[in-house]
Amino acid sequence: MPKLTKTRFAPSPTGIMHIGNLRSALYEYLIARSEGGKFLLRIEDTDRERYVEGAVSAIYRTLETCGLFHDEGPDIGGPNGPYVQSERLRFYRQYAEELVRSGHAYPCFCTVERLSGLREGEEGEFSGYDRRCRGIDPAEAARRVEAGEPHVIRQKMPLDGETTFTDAVYGTITVQNKELEDQILLKTDGYPTYNFANVIDDHLMEVTHVVRGSEYLSSTPKYCILYDALGWEKPAFVHLPLIVGEDGKKLSKRHGSTSFGDLLKDGYLPEAIINMIAFLGWAPGDDTREIFSLAELEKIFSVKGINKAPAVFSYSKLDWMNEQYIRGLSHDVWREMIRKIADPLFGDRPYEADMLARVLQPRVTKLGDIGEMIRFLTERLPYDRELFSNKRAKLDASLALDILRDLQPKLESLPDWTEESLPALLERTCEETGRKKGQVMGSLRVALAAQQVTPGGATETAVILGRSESLARLEKALAFLNG
RNA sequence: GGCCCCAUGGUCAAGUGGUCAAGACGCCGCCCUCUCAAGGCGGAAUCAGGAGUUCAACUCUCCUUGGGGUCACCA
């Protein structure tokens with residue numbers, strides 16, 4: 001009777017969603033889905049000082065954009081709510097009191113001033129709280145608490161022995177109990193610390209797999225002791241390798257440029273971002289493919305494929321992934337994306353969106369690049385004689401002038417301006433004049449674009465611009481070359 | 001610094017005692033080609049070092065080195 005797998009994403013609303021957060025959410029989601037289990041969302045808002053307005057809605061928005069739908073959460077409810085920690089204070093207080101009663105925790109009356117002094121005093125040697133209040137007689141402590149003296153509740157760690165737990169990724173880990181600090185469970189303001197709220201909620205919400213970044217690996221023994229003190233069964237621990245930046249340092253909110261929102265703004269598709277981070281620290285093993293939809297990942301994901309070493313986030317790989325997704329878009333969807341970006345740039349001037357989309361699809365890396373890529377279409381750039389020279393085609397400005405002079409009347413009298421008629425005319429011209437395609441097509445392309453490198457060729461450019469703008473540009477090019 | 005974790009090309013990685021050590025990104029070259037892409041083909045590039053164990057180590061053990069994480073009334 002294996003228990004139904006249940007994972008949770010438990011972000012704190014203290015800032016933007018960065019890649020590390022999203023990766024945790026993704027793996028938590030995938031572990032649940034791959035085992036037919038549940039995925040829940042819990043908001044950990046126990047830090048009232050770092051709370052950021054709007055952070056919660058950003059969390060919802062991000063999960064939805066990525067398709068990581070949860071089965072339980074503050075917005076949709078569930079059997080083990082509430083799903084916001086600030087609404088669960090009574091639970092934390094209840095269990096904290098129980099722990100004090102059973103001798104696994106104690107009130108501490110030390111001031112923050114004393115604690116910071118403690119930290120400065122014993123450099124390196126003794127780390128953490130010196131356990132001064134641990135020795136206070138319980139009855140005496142209870143009296144002081146009763147009298148309203150400010151205090152926190154601390155966990156009473158075993159002074160000797162060792163604690164061992166098994167992580168699904170990192171294996172068996174053992175630490176000496178004397179290394180463990182008497183950590184704070186309940187703060188002076190009555191709010192729990194993450195360390196405490198997590199254990200309580202994961203148990204109460206029946207979370208079976210605690211999935212989180214490996215930065216929590218070293219505090220996991222403390223949680224284990226807490227589970228034991230409460231007499232609760234421990235969940236499976238799945239610690240994820242960190243995602244680090246090019247500098248090898250943990251990717252954090254401070255890195256700034258690595259938030260999900262920023263990547264979207266740059267023009268990366270959510271699907272590509274998801275695919276990318278799925279492969280940071282995980283690989284399918286038996287499949288060399290790397291492009292997987294979320295639905296496919298749900299089927300093949302396995303904790304067995306999770307690596308231990310930190311993974312460097314590579315933008316060039318993300319670029320490639322994004323290109324793959326863009327190329328895989330249906331023409332209609334892609335054309336509408338292009339429209340949204342190009343319409344405002346072209347303004348009143350007409351353009352052939354269909355052709356523009358076709359030309360751009362194999363060339364765009366990220367949506368944010370498009371504006372610059374099509375600037376030569378949305379505005380007329382100045383000419384330069386050098387633009388017309390091409391060594392390979394044996395083309396130079398004066399030859400281009402001859403070619404364009406010959407082409408102008410032919411183009412003007414072309415009955416229709418299409419992707420069939422234009423190349424037909426140009427090829428005919430090549431045959432008649434004995435000139436190479438590179439010379440004829442190249443000349444026209446540069447005349448229309450006023451730019452040496454363009455996405456698409458002469459006919460594509462002409463079609464996108466339309467007859468009137470194309471002929472106007474040709475006129476300008478001739479005037480320039482003549483002058 | 002104490003404690004914990006990690007270590008295959010520049011990056012992501014497959015591998016689990018016997019392989020010519022997959023694949024992908026990036027890079028280089030060739031083909032295609034009106035430019036640039038896309039596409040096709042090919043190439044360079046990796047088991048951090050040292051001791052063991054073994055007939056045999058990328059695979060197991062230990063040490064060294066390197067990297068990371070953590071030591072808050074933050075999560």
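All values derive from a computational prediction rather than experimental measurement.
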Rounded distance (Å) that lies between atom P of B:C3 and atom CD of A:Glu162: 14 Å
Rounded C1' spacing from B:A72 to B:A14 in Å: 41 Å
Over 12 non-hydrogen atoms of neighbours within 6.0 angstrom of NZ in A:Lys394: no
Pairing residues for A:Phe301 by the ring pair (Phe, Tyr, Trp, His ring centres under 6.0 Å) criterion, not counting sequence neighbours: A:Tyr27, A:Trp282
With sequence neighbours excluded, residues passing salt bridge (charged side-chain N to carboxylate O under 4.0 Å, His left out) with A:Glu97: none
Test ring pair (Phe, Tyr, Trp, His ring centres under 6.0 Å) applied to A:His104 - qualifying residues, sequence neighbours left out: none
P spacing across the pair B:U64 / B:G10, given as an integer number of angstrom: 26 Å
Who pairs with B:C27 - Watson-Crick or G-U, where each distance is under 3.5 Å: B:G43
Touch class at under 4.0 angstrom, heavy-atom based, for A:Gly456 against every strand present: base
When the side chains of residues 398-405 of chain A are checked against the rest of the protein, which donor-acceptor pairs come out under 3.5 Å, sequence neighbours left out?
from, atom 1, to, atom 2, distance (Å)
A:Ser398, OG, A:Asp396, OD1, 3.2
A:Arg405, NH2, A:Asn482, OD1, 2.6

Sugar-phosphate only, base, or nothing, as touched by A:Gly457 at under 4.0 Å among non-hydrogen atoms: base
Six-ring centre of A:Tyr51, A:Arg48 cation under 6.0 angstrom, axis tolerance 45°: no
Touch class at under 4.0 angstrom, heavy-atom based, for A:Val112 against every strand present: base
Inter-nucleotide C1' distance (B:G9, B:U46), Å rounded: 4 Å
Nearest-angstrom distance, P atom, B:G15 to B:U35: 44 Å
Sugar-phosphate only, base, or nothing, as touched by A:Asn307 at under 4.0 Å among non-hydrogen atoms: sugar-phosphate
A:Arg50, nearest nucleotide to its side chain (from B:C74, B:C12, B:G69): B:C74
Dump the pairs, protein N or O against N or O of nucleotides 62-64 of chain B, anything under 3.5 Å, distances to one decimal.
none

With sequence neighbours excluded, residues passing ring pair (Phe, Tyr, Trp, His ring centres under 6.0 Å) with A:Tyr191: none
Sugar-phosphate, base or nothing in reach of A:Tyr216, heavy atoms under 4.0 Å: base
Please list, for nucleotides 24-28 of chain B, all pairs of protein and nucleotide N/O atoms separated by less than 3.5 Å.
from, atom 1, to, atom 2, distance (Å)
B:A24, O4', A:Glu290, OE2, 2.9
B:A24, O2', A:Glu290, OE2, 2.7
B:A24, O2', A:Lys317, NZ, 3.2
B:A24, N3, A:Lys317, NZ, 3.1
B:C25, OP1, A:Trp320, NE1, 3.3
B:C25, O2', A:Ser316, O, 3.3
B:C25, O2', A:Lys317, N, 3.3

Touch class at under 4.0 angstrom, heavy-atom based, for A:Cys430 against every strand present: nothing
Residue pairs passing the salt bridge (Lys or Arg N to Asp or Glu O under 4.0 Å) test where at least one lies in residues 443-459 of chain A, sequence neighbours excluded: none
With sequence neighbours excluded, residues passing salt bridge (charged side-chain N to carboxylate O under 4.0 Å, His left out) with A:Arg385: none
Phosphate-side-chain proximity, A:Lys187 and B:C73, N/O vs OP1/OP2 below 4.0 Å: no
Whole-Å gap separating C1' (B:U33) and CD (A:Gln452): 16 Å
Whole angstrom value for the distance that separates C1' of B:U35 from CE of A:Met373: 13 Å
Sole residue of A:Phe237, A:Tyr194, A:Tyr170 in ring pair (Phe, Tyr, Trp, His ring centres under 6.0 Å) with A:Tyr216: A:Tyr194
Sugar-phosphate, base or nothing in reach of A:Ala393, heavy atoms under 4.0 Å: nothing
Touch class at under 4.0 angstrom, heavy-atom based, for A:Arg358 against every strand present: nothing
Sugar-phosphate, base or nothing in reach of A:Thr46, heavy atoms under 4.0 Å: sugar-phosphate
Gap in Å between the two P atoms, one belonging to B:A44 and one to B:G29, rounded: 15 Å
Base-pairing mate for B:C20 - Watson-Crick or G-U, with both contacts under 3.5 Å: none
Residue list, salt bridge (charged side-chain N to carboxylate O under 4.0 Å, His left out) with A:Lys366, at least two apart or on another chain: A:Asp369
Please tabulate the protein-to-nucleotide N/O contacts below 3.5 Å involving nucleotides 42-46 of chain B, giving atom names and distances.
none

Salt bridge (charged side-chain N to carboxylate O under 4.0 Å, His left out) against A:Arg380, all qualifying residues, sequence neighbours excluded: A:Glu469
